[in-house]
K.L.:
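Here's a structure for you.
These values consider heavy atoms only, across backbone and side chains, with no hydrogens, waters or symmetry-generated copies.
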Amino acid sequence: MAKPFYLTTTLPYVNDKPHIGHALEFVQADTLARYKRLMGTDVFFNTGTDEHGQKILEAAQKSGQDVRTYVDHYAGEFQKLGAALDLSYDRFIRTTEPGHYAAAQEIWRRCEQAGDIYKKTYKGLYCVGDEMFLRESDLVNGKCPNHPNMTPIELEEENYFFRLSNYQAKLVEYLSRPGSIVPEWRREEALKFVEEGLEDFSISRVASRLHWGVPVPGDDSQVMYVWFDALTNYISTLGWPDGDDFKKFWEGGDVVQVAGKDQVRFQSIMWQAMLISAQVKNSDTVFYHGFITSGGQKMSKSLGNVISPNELVAKYGTDATRYLLLRHVHPFEDSDMTWDKLDEWYTAGLVNGLGNLVARIMQLAQTYLAEGVRPEPAGFAPEYTSTLENFEFAKAADYVWEAIHHLDQKITETEPFKLVKTDEAAGKKLITELTQELYAIGRMLHPLMPATNEAIKKAVVENKKPENLFPRLNV
RNA sequence: CGCGGGGUGGAGCAGUAGUAGCUCGUCAGGCUCAUAACCUGAAGGUCGCGGGUGCAAUUCCCGCCCCCGCAACCA
């Protein structure tokens with residue numbers, strides 16, 4: 001029996017609508033989860049929403065909503081996106097759940113017990129407009145960038161700090177293991193960063209200024225800084241400290257996190273130090289994906305180049321959106337996306353490629369075979385599985401599309417549509433073979449495009465050519 | 001300053017010490033089962049620049065130029 005597999009995305013912060021980066025991360029994680037299940041592994045796939053902190057309070061106030069109403073709304077938006085992308089998560093955790101509060105407070109206690117939490121006075125420049133501390137480097141002409149007519153004031157505040165500086169040696173050890181971070185070069189980057197020295201970081205805020213957070217155990221005057229509580233979700237979702245799922249999937253399983261490339265310090269350094277402090281096993285691997293740009297630039301409303309996940313699903317459909325994100329986005333590095341390119345990729349790969357192949361084979365099968373083909377059970381080629389084991393989603397798709405191309409070639413070369421007229425038995429045998437190969441392609445597609453796999457399987461078993469899987473775009 | 005990634009045919013990418021490959025686009029041919037799809041072939045690159053080591057470098061080494069990230073509590 002294979003080792004259980006725990007997988008989690010980062011939790012999107014709900015201060016705005018879901019964007020394409022969220023969709024990318026979700027789809028990548030979902031593909032891994034489905035792949036592992038396909039291999040017979042017991043999987044726990046976690047995602048959810050991060051709902052505390054200053055920014056959220058501000059965003060709620062700005063929209064004139066009660067903060068609860070506000071976070072409920074956005075949690076709903078992310079759940080809708082999950083459905084639109086056909087995600088197979090086992091748990092959608094919200095950091096405002098009571099169970100999560102309990103876990104966050106418990107890890108706090110354990111870190112405190114380990115001697116890693118202490119109180120310190122923090123002095124800094126505070127912008128009343130933003131209600132937050134600014135760094136020197138944030139200032140524009142000595143003023144807050146968001147409030148140029150307000151002079152930041154010197155403010156002193158007492159906060160709790162976490163002794164990250166205690167964990168340099170242990171983090172170096174952790175990060176020295178290849179595989180602790182994927183891709184490898186990001187691991188080396190993180191290692192170098194840790195070797196240069198670590199500073200303690202503040203993990204609480206004064207409750208009178210910011211009440212929207214998890215109360216610090218034993219000190220009602222402070223709430224946890226949102227990072228500290230949010231990171232805990234990865235284990236609170238499993239019922240830590242006592243839950244059976246925690247024992248099975250975290251302690252007894254492979255623990256894999258998926259995150260954006262801006263997350264290295266949080267996921268692979270802060271969070272891992274917290275785990276060590278609380279004496280919980282570290283994550284085995286954190287996989288970091290790149291960002292998606294549009295027309296060579298960061299997507300932004302002012303540039304008008306935003307491509308939203310909901311627009312993608314509306315235009316191309318669920319599986320096609322998954323295809324576009326998996327095959328045409330580099331798993332580790334930034335990738336560019338424009339509507340022109342998306343249309344091109346969609347038409348070439350799905351309309352002309354996969355969709356057309358299904359149509360041509362199923363037309364033959366439906367016409368010449370008496371009944372559905374019973375698929376033969378088969379394994380998966382290592383060339384295919386190794387790509388997914390290594391988070392190389394685009395290569396996995398490339399492998400499948402090579403198989404699609406070979407099948408197209410085979411049809412052209414063997415001419416079943418002629419053969420069946422000159423030698424019916426041989427023709428039918430050939431068509432049966434082609435249908436089985438189509439079925440095998442569908443199976444490999446499962447982690448990437450689950451509904452498409454189902455559609456192909458159904459067509460083969462029922463011996464019925466399906467409606468166009470991928471309709472041509474109206475140009 | 002530092003650290004990291006990258007510069008390959010029109011575009012996007014892969015790759016390797018010894019005929020440079022893929023997708024899209026272009027052109028020609030083939031096929032007719034299929035969603036004007038599919039198959040084959042062709043045109044198109046001195047693999048950023050300059051040195052070095054090799055019988056041989058796009059691939060290794062040195063120097064330079066250009067582009068893009070990171071430089072921590074922004075969740």
Side-chain angles (χ1 to χ4, degrees), chain A residues 10-15 49-56 95 122 124 130 132-135 137-138 159 161-162 164 183 185-186 188-203 205 213 225-231 261-266 269-270 290-291 293 296-298 327-328 330 332-338 340-341 343-345 347-368 394-395 398 401-402 404-405 407-421 427 431 434 465 467-473:
Chain A
T10 52
L11 299 195
Y13 197 60
V14 293
N15 61 344
T49 40
D50 176 6
E51 306 185 358
H52 289 126
Q54 182 77 34
K55 292 266 185 196
I56 287 181
T95 58
Y122 179 80
D130 281 331
M132 65 185 282
F133 284 95
L134 304 173
R135 282 180 292 160
S137 55
D138 292 332
N159 289 147
F161 277 71
F162 179 83
L164 187 63
W185 53 268
R186 247 183 234 296
E188 285 163 11
E189 206 172 84
L191 195 53
K192 237 163 237 161
F193 178 82
V194 172
E195 281 169 347
E196 278 168 21
L198 298 169
E199 284 174 28
D200 296 348
F201 61 93
S202 76
I203 54 172
R205 294 291 182 267
Y225 179 46
V226 59
W227 269 113
F228 193 90
D229 111 62
L231 290 166
K261 66 172 188 179
D262 58 334
Q263 292 284 316
V264 177
R265 284 174 181 73
F266 300 104
I269 296 176
M270 266 168 70
F291 290 161
T293 56
Q297 288 175 296
K298 197 172 165 178
R327 189 169 190 212
H328 292 286
H330 189 110
F332 311 138
E333 306 198 49
D334 291 359
S335 302
D336 199 65
M337 208 176 245
T338 60
D340 282 350
K341 287 192 205 173
D343 285 354
E344 202 174 287
W345 296 333
T347 300
L350 298 177
V351 180
N352 298 346
L354 177 59
N356 183 246
L357 179 69
V358 172
R360 66 194 300 210
I361 290 180
M362 287 318 301
Q363 178 65 247
L364 289 168
Q366 175 181 279
T367 307
Y368 297 107
K395 283 190 180 170
D398 284 346
W401 259 260
E402 237 172 79
I404 289 170
H405 177 60
L407 246 193
D408 268 325
Q409 279 178 319
K410 184 168 176 176
I411 295 170
T412 303
E413 283 161 18
T414 57
E415 302 183 311
F417 41 89
K418 280 186 188 164
L419 185 63
V420 76
K421 284 170 184 159
I431 293 169
L434 295 171
K465 180 185 169 188
E467 286 300 301
N468 280 0
L469 257 32
F470 304 101
R472 200 159 285 282
L473 297 169

K.L.:
Going by salt bridge (Lys or Arg N to Asp or Glu O under 4.0 Å), name the residues that satisfy it together with A:Asp336, two or more places apart in sequence or in a different chain.
P.N.:
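Result, salt bridge (Lys or Arg N to Asp or Glu O under 4.0 Å) vs A:Asp336: A:Lys341.
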K.L.:
A:Trp227 has an atom CH2; how far is it from atom C1' of B:C74, in whole Å?
P.N.:
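Those two atoms, CH2 and C1', are 9 Å apart.
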K.L.:
With rounding to the closest Å, how many angstrom separate the P atoms on B:A37 and B:A28?
P.N.:
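Approximately 15 Å lies between the P atom of B:A37 and that of B:A28.
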K.L.:
In whole Å, measure the gap between the P atoms of B:A71 and B:A14 for me.
P.N.:
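Per the computed distance, 24 Å lies between those P atoms.
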K.L.:
Could you pull out all residues at least two apart from A:Thr414 that satisfy side chain to side chain contact (heavy atoms under 4.5 Å, CB included)?
P.N.:
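For A:Thr414 the side chain to side chain contact (heavy atoms under 4.5 Å, CB included) partners, ignoring immediate neighbours, are A:Lys410, A:Pro416, A:Leu430.
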K.L.:
Taking the P atom in each of B:C27 and B:G50, what is the distance between them to the nearest angstrom?
P.N.:
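Approximately 35 Å lies between the P atom of B:C27 and that of B:G50.
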K.L.:
Restricting to side chain to side chain contact (heavy atoms under 4.5 Å, CB included), what partner residues turn up for A:Tyr368, sequence neighbours left out?
P.N.:
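Once residues adjacent in sequence are excluded, the partners of A:Tyr368 under the side chain to side chain contact (heavy atoms under 4.5 Å, CB included) criterion are A:Leu364, A:Val420, A:Lys421, A:Ile431.
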K.L.:
Please name all residues satisfying ring pair (Phe, Tyr, Trp, His ring centres under 6.0 Å) with A:Phe201, sequence neighbours left out, ordered by chain then number.
P.N.:
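A:Phe201: ring pair (Phe, Tyr, Trp, His ring centres under 6.0 Å) contacts with A:Phe162.
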K.L.:
Please write out the pairs of protein N or O atoms and N or O atoms of nucleotides 37-40 of chain B separated by less than 3.5 Å, giving the distance to one decimal.
P.N.:
from: B:A37; atom 1: O2'; to: A:Asn356; atom 2: OD1; distance (Å): 2.8
from: B:A37; atom 1: O2'; to: A:Asn356; atom 2: ND2; distance (Å): 3.0
from: B:C38; atom 1: O2'; to: A:Arg360; atom 2: NH1; distance (Å): 2.8
from: B:C39; atom 1: OP1; to: A:His405; atom 2: ND1; distance (Å): 2.6
from: B:C39; atom 1: O4'; to: A:Thr412; atom 2: OG1; distance (Å): 3.2
from: B:U40; atom 1: OP1; to: A:Gln409; atom 2: NE2; distance (Å): 2.5

K.L.:
Need to verify one output field. Residue with the more 5' nearest nucleotide on RNA chain B, A:Ile203 or A:Arg327?
P.N.:
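Here A:Arg327 is the residue nearer the 5' end.
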K.L.:
If the condition is salt bridge (Lys or Arg N to Asp or Glu O under 4.0 Å), which residues does A:Arg360 pass it with, not counting sequence neighbours?
P.N.:
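Expected list: A:Asp408.
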K.L.:
Restricting to salt bridge (Lys or Arg N to Asp or Glu O under 4.0 Å), what partner residues turn up for A:Arg327, sequence neighbours left out?
P.N.:
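Result, salt bridge (Lys or Arg N to Asp or Glu O under 4.0 Å) vs A:Arg327: A:Asp398.
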K.L.:
Excluding sequence neighbours, so at least two apart, what forms ring pair (Phe, Tyr, Trp, His ring centres under 6.0 Å) with A:Phe470?
P.N.:
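Here no residue qualifies.
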K.L.:
Mind checking the P distance from B:G21 to B:G15? Whole angstroms is fine.
P.N.:
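Result for the P pair: 15 Å, nearest Å.
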K.L.:
Are A:Lys192 and B:C70 close enough that a side-chain N or O sits under 4.0 Å from OP1 or OP2?
P.N.:
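Answer is no, no contact under 4.0 Å.
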K.L.:
Would you please name every residue forming a side chain to side chain contact (heavy atoms under 4.5 Å, CB included) with A:Glu344, sequence neighbours left out?
P.N.:
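With sequence neighbours excluded, A:Glu344 shows a side chain to side chain contact (heavy atoms under 4.5 Å, CB included) to no residue whatsoever.
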K.L.:
When all nucleic acid strands are considered with a 4.0 Å heavy-atom cut-off, which category describes A:Glu195: base, sugar-phosphate, or nothing?
P.N.:
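Nothing: the residue A:Glu195, judged by heavy atoms under 4.0 Å, touches no strand.
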K.L.:
One character per nucleotide, please: for nucleotides 8-16 of chain B, 5' to 3', B when the base has a protein heavy atom closer than 4.0 Å, S when only the sugar-phosphate does, - otherwise.
P.N.:
------S--
K.L.:
For A:Phe266, what residues pass the ring pair (Phe, Tyr, Trp, His ring centres under 6.0 Å) criterion, not counting sequence neighbours?
P.N.:
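Partners of A:Phe266 by the ring pair (Phe, Tyr, Trp, His ring centres under 6.0 Å) criterion, ordered by chain and then number, come out as A:Trp227.
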K.L.:
Write out the stems for RNA chain B, ordered by first number and formatted as range with range, counting runs of at least 3 consecutive Watson-Crick or G-U wobble pairs under 3.5 Å.
P.N.:
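If one scans RNA chain B for consecutive Watson-Crick or G-U pairs, the stems found are B:2-7 with B:65-70, B:10-13 with B:21-24, B:26-30 with B:38-42, B:48-52 with B:60-64.
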K.L.:
Mind calculating the distance between CZ (A:Phe291) and P (B:G5) to the nearest angstrom?
P.N.:
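Nearest whole value for this atom pair: 18 Å.
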K.L.:
If we require ring centres under 5.5 Å and near-parallel planes under 30°, does A:Phe201 stack on B:C73?
P.N.:
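No, A:Phe201 does not stack on the base of B:C73.
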K.L.:
Checking all strands, does A:Gly213 fall into the base, sugar-phosphate, or nothing category for heavy-atom contacts under 4.0 angstrom?
P.N.:
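Nothing: the residue A:Gly213, judged by heavy atoms under 4.0 Å, touches no strand.
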